[in-house]
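Residues take their numbers from the sequence shown, with the count starting at 1.
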Amino acid sequence: MGRVIAAGVALGLCAVLLGSPPAHADDVADARLDLAVTLDDRPIANATVMIDPAKQLELTVTATNSGGTSVKVRSVRVSGVALALTFFAYDTTAPFEVPAHSRVTRTFVLDMADLSGQAIGLLPSTVELLDAQRGTLGEATTVADIRGSFWSVYGAFGLAMLVLTVLAWLTALLALARHRLPANRWRRGLRFLPAGFGTGLVAVVSLSVLRLVPPEPAIEIPVVLGAAAIAFLLGYLTPHPAPGPSGDETVRFPDGTKEFNR
């Protein structure tokens, strides 16, 4: 059971540390567009925008081409990411072209009713313009306040991490109470490590769902690693387990008789 719990928590950690997608080659290409985006006439730059899945969204994108060649846009994508995992992504195919040294504005109406079952709370979100090969031509980022269901994919993910974390702590503490932790301090610390990782992940998701702090890398990575370090230190400082009699140890009774443990 302990290995299963540790594996589940480790998957969440890998999502934080290794899940970030590599930058697309088009990100450094000359064909780049500068974007100014509004949702329902509200600029998304440096703001938190509310998204109600029960209502349609009017997305207005102004693309500026400062390059010397025309850029062809095939679709627009709205996506939300937490812990380096994409919890929602909506693509709308709407081809248009942005001539060199010019600016083009397009408005899209998005039906995001399915978002209620995908996410809830604060999520870092991105609006991207994509080319025919799904490469990113330009993007704008914001924080979306999603009024979805607690039982959405994101909410269920947080609940699953909570259950695994509680089990990880119970397993470690039960081993401590029964004096079954390894004698080596480093190994005792590693026994508590999955519980610490899980605690950090649960904290990040909880702050997001409660609409307190969005799960951005500058916040989520220190929280997860900090919680893991604290848990490791607690395990490292736990008392040395009391040694029990070995299998070939001889026990001498007061009357002088001997018994060999097996």
Side-chain angles (χ1 to χ4, degrees), residues 11-12 14-40 43-47 49 51 53 56-120 122-146 148 152-154 157 208 214-218 220-221:
L11 288 175
C14 290
V16 177
L17 300 180
L18 304 177
S20 299
H24 194 278
D26 288 347
D27 289 344
V28 294
D30 293 335
R32 291 287 296 174
L33 300 174
D34 297 321
L35 301 189
V37 180
T38 64
L39 278 176
D40 292 336
I44 69 171
N46 302 317
V49 295
I51 298 180
Q56 291 185 332
L57 286 179
E58 186 177 275
L59 176 70
T60 301
V61 178
T62 300
T64 302
N65 182 4
S66 302
T69 58
S70 178
V71 177
K72 294 183 178 180
V73 178
R74 178 174 177 79
S75 60
V76 58
R77 172 181 295 167
V78 180
S79 59
V81 176
L83 299 170
L85 300 174
T86 300
F87 283 93
F88 71 88
Y90 287 85
D91 287 17
T92 301
T93 301
F96 65 94
E97 185 172 345
V98 185
H101 305 293
S102 64
R103 178 181 302 170
V104 174
T105 298
R106 290 289 185 274
T107 298
F108 311 90
V109 177
L110 305 180
D111 184 0
M112 307 184 75
D114 294 339
L115 186 57
S116 178
Q118 295 175 327
I120 181 176
L122 301 179
L123 285 183
S125 303
T126 305
V127 178
E128 300 173 89
L129 294 183
L130 308 178
D131 60 17
Q133 288 73 42
R134 319 300 292 177
T136 301
L137 298 172
E139 64 181 22
T141 59
T142 188
V143 174
D145 179 1
I146 302 171
S152 62
V153 174
Y154 187 55
F157 172 80
S208 171
E216 297 174 334
E220 61 191 17
I221 293 178

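Considering every non-hydrogen atom in both Val104 and Pro99, the closest pair reads CG2-CD, 4.0 Å. Nearest approach of Gly68 to His101, heavy atoms of both residues: CA-NE2, 3.8 Å. Shown here for Phe108 and Thr92, the closest heavy-atom pair between the two residues is CD2-CG2, 4.4 Å. Of all heavy-atom pairs spanning Pro215 and Leu123, the tightest one is CG-CD2, 4.1 Å.
With values rounded to the nearest 0.5 angstrom, Ile44 atom CD1 is found 8.5 Å from Ser125 atom OG. To the nearest 0.5 Å, atoms CD1 (Ile120) and OH (Tyr154) are separated by 10.0 Å. Rounded to the nearest 0.5 angstrom, Leu33 CG and Asp131 CG are separated by 10.0 Å. Here the straight-line distance linking atom CD1 of Ile146 with atom CG of Leu115 works out to 4.5 Å at 0.5 Å rounding. Between the CG atom in Asp34 and the CG atom in Asn65 there is a gap of 9.0 Å [rounded to 0.5 Å]. Atom-to-atom distance recorded for Phe88:CZ and Ser152:OG is 11.0 Å, nearest 0.5 angstrom.
A donor-acceptor distance shorter than 3.5 angstrom exists from the side chain of Asp40 to the backbone of Glu58, with no hydrogens or angles considered. Under the 3.5 Å distance criterion, the side-chain polar atoms of Glu220 are matched with a main-chain donor or acceptor of Leu83. A donor-acceptor pair is defined here as one N or O able to donate and one able to accept, closer than 3.5 Å; such a pair exists between the side chain of Thr142 and the backbone of Ala47. Listed for the Asp114 side chain is no donor-acceptor partner under 3.5 Å among the backbone atoms of Gln118.
Put simply, the residue from Val71, Leu129, Thr136 that forms a side-chain contact (heavy atoms from CB on, under 4.5 Å) with Arg32 is Thr136.
If you check the side chains of Thr105 and Thr62, you find a donor sitting under 3.5 Å from an acceptor.
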Quiz item: Can Glu97 and Ser70 be said to form a side chain to side chain donor-acceptor pair (under 3.5 Å), step by step?
Solution: CA-CA 7 Å; Glu97 185 172 345; Ser70 178; 2.4 Å; yes
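At least one side-chain heavy atom of Leu137 sits less than 4.5 Å from a side-chain heavy atom of Val73. Looking at heavy atoms from C-beta onward, Thr126 lies in side-chain contact with Ser79 at the 4.5 angstrom threshold.
The number of heavy-atom neighbours closer than 6.0 Å to CZ of Arg106, taken from other residues, nucleotides and ligands shown, is above 12.
Checked against salt bridge (charged side-chain N to carboxylate O under 4.0 Å, His left out), Asp91 has the following partners two or more places apart in sequence or in another chain: Arg77, Arg134.
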